2 protein chains.
Amino acid sequence: MKIGELARQSGLSVHTIRYYERIGLLPYADRNRSSQRDYDASILVWITFLGRLKTVGMPIRDMLRYAALRERGVETEAERRLLLQQHRERVALHLAELQDCLLVLDTKIAGYAGSEPRMKDYDAPPPQRRRKPAGTRTARPR
Amino acid sequence: MKIGELARQSGLSVHTIRYYERIGLLPYADRNRSSQRDYDASILVWITFLGRLKTVGMPIRDMLRYAALRERGVETEAERRLLLQQHRERVALHLAELQDCLLVLDTKIAGYAGSEPRMKDYDAPPPQRRRKPAGTRTARPR
DNA sequence: TCTTGACTTAGAGCGCGCTCGAACCCCTAG
DNA sequence: CTAGGGGTTCGAGCGCGCTCTAAGTCAAGA
């Protein structure tokens, strides 16, 4: 499979695939005799997994650590597990925070919806006095 | 309240506060006679709200739209509600995705933990053939 | 009076994760 | 034979959200 095909199948752009290889997220791909990358379908499994790590917000530098461990084989499994677990915790925290905020947002949305009892907080006119008349960009000389 | 104090109380850095004012996320603050920003505590309410929008991943450009509407007063409430609702939907979707991925991660972690039955997929040696011998950076001349 | 430290501005720089451009190569169909 | 549509490399550029620097002002305490 050439890079364009892999792009179609993986959803990554050709540019991104090359970029990922460059930085080490994707293993160096064999080239055919015209120096074109020739992929095995199995790479899709790894790309899918990377996609999931990305979805859960793992930064590339951590994916790189994972990828490096993976290339070193079975002996690194414990370490890989740890890496995933640690990120898992971070995600769980973030998830909780997200849900909290979502609740607050919902309350606020509900407040906008009802015509009478409105949330006191954020809807008052700007708490600071008004913006300076436009064009008066802090005329203090230096 | 001067900017340093606001920074302490809000958790934003002084730099960030000034940046937010510059781009319009925070209303232009009054200056005292030495040109120093003088904040009213009520600004904290707005900053807190901004923080929540940030937590739920709203890009600054959307916060700006919201802030602009807010400065225009009560008549823009419907629009603001819409803005929040739309973002709410995006977040809800993201949340679901996140939870899915977390499940998959957990399965994988569990796979690493158990010594015998391991997930077939991602633990095989790299699906591509091995990385080129180090140092052989694509010697094809151009 | 002098020092310290918090403040001011304009503008440059940074880390992240891509994204694109230039200039070139190679294969295939018409 | 030629045109088109893939592919290749290196390296620059971009959008985001800050973050920092330089050079200066100002006010309070020793």
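Residue numbers start from 1 in every chain, and the chains themselves are labelled A, B, ... in the order their sequence lines are given, proteins ahead of strands. Computed over heavy atoms, backbone and side chain alike; hydrogens, waters and symmetry mates excluded. Note that the structure is a prediction, hence the values are computed from the model and not measured.
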A.B. asks: Between B:Glu5 and B:Arg8, is there a salt bridge with N-O shorter than 4.0 Å?
C.D. replies: yes
A.B. asks: Mind checking whether A:Leu83 and A:Met58 have side chains closer than 4.5 Å, heavy atoms only?
C.D. replies: yes
A.B. asks: How many whole angstroms separate atom CG of B:Leu6 from atom P of C:dA6?
C.D. replies: 16 Å
A.B. asks: Rounded to whole angstroms, how far apart are OH on A:Tyr19 and P on C:dG21?
C.D. replies: 18 Å
A.B. asks: Taking only the side-chain nitrogens and oxygens of B:Arg18, find out if one of them lies under 4.0 Å from OP1 or OP2 of C:dT8.
C.D. replies: yes
A.B. asks: Looking at the side chain of B:Ile60, which of D:dT9, D:dT19, D:dC18 is the nearest nucleotide?
C.D. replies: D:dC18
A.B. asks: The side chain of B:Arg31 lies closest to which of these nucleotides: D:dG11, C:dT9, D:dC20?
C.D. replies: C:dT9
A.B. asks: Quick one, which residues of residues 86-102 of chain A touch DNA chain D with a heavy atom under 4.0 Å?
C.D. replies: none
A.B. asks: In whole angstrom, what separates B:Asn32's CG from C:dT8's P?
C.D. replies: 8 Å
A.B. asks: Between C:dT19, C:dC16, C:dT8, which nucleotide has the shortest distance from any of its atoms to the side chain of A:Arg61?
C.D. replies: C:dC16
A.B. asks: Take atom CD of B:Glu21 and atom C1' of C:dG11, then tell me their distance rounded to the nearest Å.
C.D. replies: 16 Å
A.B. asks: If you define the side chain from C-beta out and look only at heavy atoms, does anything of B:Asp30 sit under 4.5 Å from B:Asp40?
C.D. replies: no
A.B. asks: Take atom CD of A:Glu5 and atom C1' of D:dG5, then tell me their distance rounded to the nearest Å.
C.D. replies: 15 Å
A.B. asks: Taking the side chain as every heavy atom from C-beta outward, state whether B:Pro27 and B:Ile43 have any atom pair closer than 4.5 Å.
C.D. replies: yes
A.B. asks: On DNA chain C, check which nucleotide each of A:Arg33 and A:Ser13 is closest to and give me the residue with the more 5' one.
C.D. replies: A:Ser13
A.B. asks: Which nucleotide, D:dT19, D:dG7, D:dC26, lies nearest any side-chain atom of A:Lys2?
C.D. replies: D:dG7
A.B. asks: Rounded to whole angstroms, how far apart are OH on A:Tyr28 and C1' on D:dT8?
C.D. replies: 10 Å
A.B. asks: Go through it in stages, so that I can follow the logic: the residues are A:Glu21 and A:Ile17, the test is side-chain contact (heavy atoms from CB on, under 4.5 Å), and I'd like the CA-CA distance, side-chain angles, deciding distance and then a yes or no.
C.D. replies: CA-CA 6 Å; A:Glu21 179 182 300; A:Ile17 292 173; 5.8 Å; no
A.B. asks: Quick one, B:Ile60 and B:Tyr19 - any side-chain contact, counting heavy atoms below 4.5 Å?
C.D. replies: yes
A.B. asks: Any side-chain N or O of A:Ser34 below 4.0 angstrom from OP1/OP2 of C:dC27?
C.D. replies: yes
A.B. asks: If you define the side chain from C-beta out and look only at heavy atoms, does anything of A:Lys2 sit under 4.5 Å from A:Arg37?
C.D. replies: no
A.B. asks: Whole angstrom is fine here: how far is it from OH in B:Tyr39 over to P in C:dC7?
C.D. replies: 10 Å
A.B. asks: For a quick test of your reading: what N or O donor-acceptor pairs under 3.5 Å do the side chains of residues 91-106 of chain A make, sequence neighbours left out?
C.D. replies:
{"residue": "A:Asp106", "atom": "OD1", "partner": "B:Arg88", "partner atom": "NH1", "Å": "2.9"}
{"residue": "A:Asp106", "atom": "OD2", "partner": "B:Arg88", "partner atom": "NH1", "Å": "2.5"}

A.B. asks: Under the criterion side-chain hydrogen bond (donor to acceptor under 3.5 Å, both in side chains), which of B:Arg81, B:Glu79, B:Arg80 is the partner of A:Tyr112?
C.D. replies: B:Arg80
A.B. asks: Which nucleotide in the list D:dT8, C:dT19, C:dT8 gets nearest to the side chain of B:Arg37?
C.D. replies: C:dT8
A.B. asks: Would you say a side-chain N or O of B:Lys54 is under 4.0 Å from OP1 or OP2 of D:dC16?
C.D. replies: no
A.B. asks: Flag yes if B:Ile23 and B:Ile3 sit in one hydrophobic cluster, no otherwise; membership is Ile, Leu, Val, Met, Phe, Trp, Tyr, and two members link when side-chain heavy atoms are under 4.5 Å apart.
C.D. replies: yes
A.B. asks: Looking at C:dC18, C:dG11, D:dT9, which one has an atom nearest to any side-chain atom of A:Thr16?
C.D. replies: C:dC18
A.B. asks: How many Å lie between CZ on B:Arg22 and P on C:dT8, as a whole number?
C.D. replies: 12 Å
A.B. asks: Which of these nucleotides, C:dG17, D:dC10, C:dC7, is closest to any side-chain atom of B:Val14?
C.D. replies: C:dC7
A.B. asks: Would you mind reading off the bend of the helix from C:dT1-D:dA30 to C:dG30-D:dC1 from its two end axes, five pairs each, to 10 degrees?
C.D. replies: 20°
A.B. asks: Main chain of A:Leu53, side chain of A:His87: is a donor-acceptor contact present, judged purely on distance under 3.5 Å?
C.D. replies: no
A.B. asks: How do B:Gln36 and A:Ile3 order along DNA chain D: which one's closest nucleotide is nearer the 5' end?
C.D. replies: A:Ile3
A.B. asks: Any idea which of C:dT9, D:dC18, C:dC18 is nearest the A:Tyr20 side chain?
C.D. replies: C:dC18
